[in-house]
S.K.: 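What follows is a structure written as structure tokens; I'll ask about it next.
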Amino acid sequence: MIKTAFAYWDKRIAPVFDTTQLVHVVAHESEQVVWETLESLPENPLVQKALKLVELGIQTLVCGAISRPLHGVVTAYGIRVVPFVAGDLRDVVRAWLDGNPDLDAFAMPGCRGQARRRFRGTHEGAPEVNTMIPRGRRNENT
């Protein structure tokens with residue numbers, strides 16, 4: 001049985017996991033839901049959120065935005081993070097169970113493609129890419 005946690009707020013995926021107080025936990029086998037429940041998360045410190053996910057036996061966290069420090073703590077506990085997801089909770093859960101592991105159709109605005117891969121890559125051993133150009137300066141590489 002696999003347990004997936006979906007950051008929850010007002011019947012939707014919570015926009016920011018760092019401030020999320022609830023997760024919708026779905027235990028499933030293949031595409032079939034075995035059981036679902038809503039669980040509370042501690043507010044502070046952020047590491048307590050990760051420890052609660054571990055306590056619940058979560059293998060994957062589906063969430064909206066997540067800070068790099070919290071992402072690092074959650075993944076250090078062996079939990080896969082699928083960040084920058086937005087939308088109706090039921091629609092996202094159904095897509096997840098239907099086998100869409102990256103949920104690209106539910107990417108937060110501005111987080112499709114490159115932005116999602118760039119964030120993920122910084123936590124998988126790939127070098128971080130600085131895409132910011134200081135105001136008033138030209139990027140000499142373009």
Side-chain angles (χ1 to χ4, degrees), residues 1-135 137 139-142:
M1 180 169 28
I2 298 170
K3 292 181 185 176
T4 303
F6 298 84
Y8 180 83
W9 178 73
D10 195 30
K11 299 180 184 175
R12 300 185 60 78
I13 297 297
V16 181
F17 183 66
D18 297 50
T19 58
T20 298
Q21 296 178 356
L22 297 169
V23 287
H24 182 85
V25 178
V26 178
H28 53 97
E29 292 179 359
S30 300
E31 296 177 9
Q32 299 299 315
V33 174
V34 176
W35 54 263
E36 299 176 75
T37 187
L38 200 58
E39 293 284 341
S40 295
L41 295 176
E43 282 187 50
N44 290 310
L46 294 180
V47 72
Q48 293 300 319
K49 282 189 188 303
L51 289 173
K52 179 66 174 187
L53 295 175
V54 170
E55 176 186 315
L56 294 170
I58 302 301
Q59 285 105 345
T60 302
L61 168 66
V62 176
C63 60
I66 183 171
S67 69
R68 288 177 193 255
L70 183 53
H71 184 280
V73 171
V74 171
T75 58
Y77 281 107
I79 299 170
R80 177 180 177 224
V81 177
V82 180
F84 305 118
V85 174
D88 177 81
L89 177 72
R90 287 283 156 215
D91 293 342
V92 172
V93 169
R94 177 55 30 215
W96 179 259
L97 294 175
D98 286 345
N100 185 348
D102 289 325
L103 300 169
D104 287 334
F106 296 94
M108 293 179 85
C111 294
R112 295 191 190 277
Q114 283 298 101
R116 288 172 57 110
R117 283 191 295 277
R118 189 168 31 250
F119 185 88
R120 253 193 324 253
T122 62
H123 298 287
E124 295 174 356
E128 184 171 344
V129 178
N130 182 359
T131 58
M132 297 183 68
I133 300 171
R135 181 177 266 178
R137 294 187 184 175
N139 185 349
E140 295 173 10
N141 296 328
T142 56

S.K.: State, with a plain yes or no, whether a side-chain heavy atom of Gln48 is found less than 4.5 Å away from one of Leu51.
M.R.: yes

S.K.: Would Arg90 and Glu36 pass as an ion pair if we require N to O under 4.0 Å?
M.R.: yes

S.K.: Using modelled atom types and a 3.5 Å cut-off, is there a donor and acceptor pairing between side-chain atoms of Lys3 and backbone atoms of Leu56?
M.R.: yes

S.K.: Does Glu43 have any salt bridge (charged side-chain N to carboxylate O under 4.0 Å, His left out) partners at least two apart in sequence or in another chain, and if so, which?
M.R.: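 Not a single residue meets the salt bridge (charged side-chain N to carboxylate O under 4.0 Å, His left out) criterion with Glu43.
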
S.K.: Give me the atom names and distance for the closest heavy-atom approach of Ile13 to Cys63.
M.R.: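 Heavy-atom minimum between the residues: CG2-C, 3.9 Å.
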
S.K.: So, do Val23 and Phe6 sit near enough that their side-chain heavy atoms are less than 4.5 Å apart?
M.R.: no

S.K.: Donor-acceptor pair, Asp18 side chain versus Ile66 backbone, under 3.5 Å?
M.R.: no

S.K.: Applying salt bridge (charged side-chain N to carboxylate O under 4.0 Å, His left out), can you list everything that pairs with Asp10, at least two apart in sequence or on another chain?
M.R.: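 Expected list: none.
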
S.K.: Quick one: NE2 on His71 to CG on Leu61, what's the gap to the nearest 0.5 Å?
M.R.: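 The distance works out to 8.5 Å.
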
S.K.: Evaluate the side-chain proximity of Tyr77 to Thr75: yes if any heavy-atom separation is below 4.5 Å, no if none is.
M.R.: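 No - every pair of side-chain heavy atoms lies 4.5 Å or more apart.
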
S.K.: Can you tell me if Trp96 and Thr4 form a side-chain donor-acceptor pair at under 3.5 Å?
M.R.: yes

S.K.: Are any non-hydrogen side-chain atoms of Pro42 and Lys52 less than 4.5 angstrom apart?
M.R.: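 Touching, per the 4.5 Å side-chain cut-off.
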
S.K.: Are the side chains of Lys49 and Phe17 in touch, meaning some heavy atoms are under 4.5 Å apart?
M.R.: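 With C-beta onward as the side chain, the pair touches.
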
S.K.: Could you tell me whether the side chain of Phe106 reaches within less than 4.5 Å of the side chain of Asp91, counting heavy atoms only?
M.R.: yes

